[in-house]
Amino acid sequence: MRFHYGAVLAALALALSAGGCAKPRPCTIIPMQLELVRYESDQIEKEAAAKAAEVASLQSNVDMARTRLAQQQQEASDLEKMIEAGKADSSAAGRKK
């Protein structure tokens with residue numbers, strides 16, 4: 001019986017020294033979560049930079065289109081004036097005959 005108690009106490013002491021009193025393993029979940037958050041944050045920053053560049057490019061295209069529209073409107077106005085002047089000249093020439 002003494003041997004039995006001795007074996008149980010020895011097993012208990014071994015279990016306490018191996019598991020209960022030993023240093024716990026460092027947690028790997030939190031560092032991995034932090035790394036995942038960093039990775040996702042980097043990806044979002046890259047996407048935001050790409051979208052900002054796309055917006056800048058589109059804004060430049062809109063500005064060029066507005067400039068071209070203003071030029072075309074000016075050309076249309078000049079052509080209408082020339083047509084009106086041509087009509088006035090041809091009607092004046094027709095009356096002189």
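Note that the structure is predicted; figures quoted are calculated from it, not measured.
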[atom2] on [Y] to [atom1] on [X], rounded to 0.5 Å:
X     : Y     : atom1 : atom2 : result
Glu45 : Glu40 : CD    : CD    : 12.5 Å
Lys51 : Leu58 : NZ    : CG    : 9.5 Å
Glu47 : Gln43 : CD    : CD    : 7.0 Å

task: Count the heavy atoms of every other residue, nucleotide or ligand shown that sit under 6.0 Å from CD1 of Ile30, and state whether that count exceeds 12.
output: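 No.
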- request: Return yes when atom CG of Leu36 has more than 12 non-hydrogen atoms of other residues, nucleotides or ligands closer than 6.0 Å, and no otherwise.
  value: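 Check passes, neighbour count above 12.
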query: If only atom types and distance count, is the side chain of Thr67 paired as donor or acceptor with the main-chain N or O of Asp63 below 3.5 Å?
result: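 At least one qualifying donor-acceptor pair exists.
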message: Check this for me: does any side-chain nitrogen of one of Arg38 and Glu35 sit under 4.0 Å from a carboxylate oxygen of the other?
response: yes
query: What pairs with Arg66 under side chain to side chain donor-acceptor pair (under 3.5 Å), at least two apart in sequence or on another chain?
result: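 With neighbours one apart ignored, the set is empty.
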field: Ser77 and Gln73, any side-chain heavy atoms less than 4.5 Å apart
entry: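 Not touching, per the 4.5 Å side-chain cut-off.
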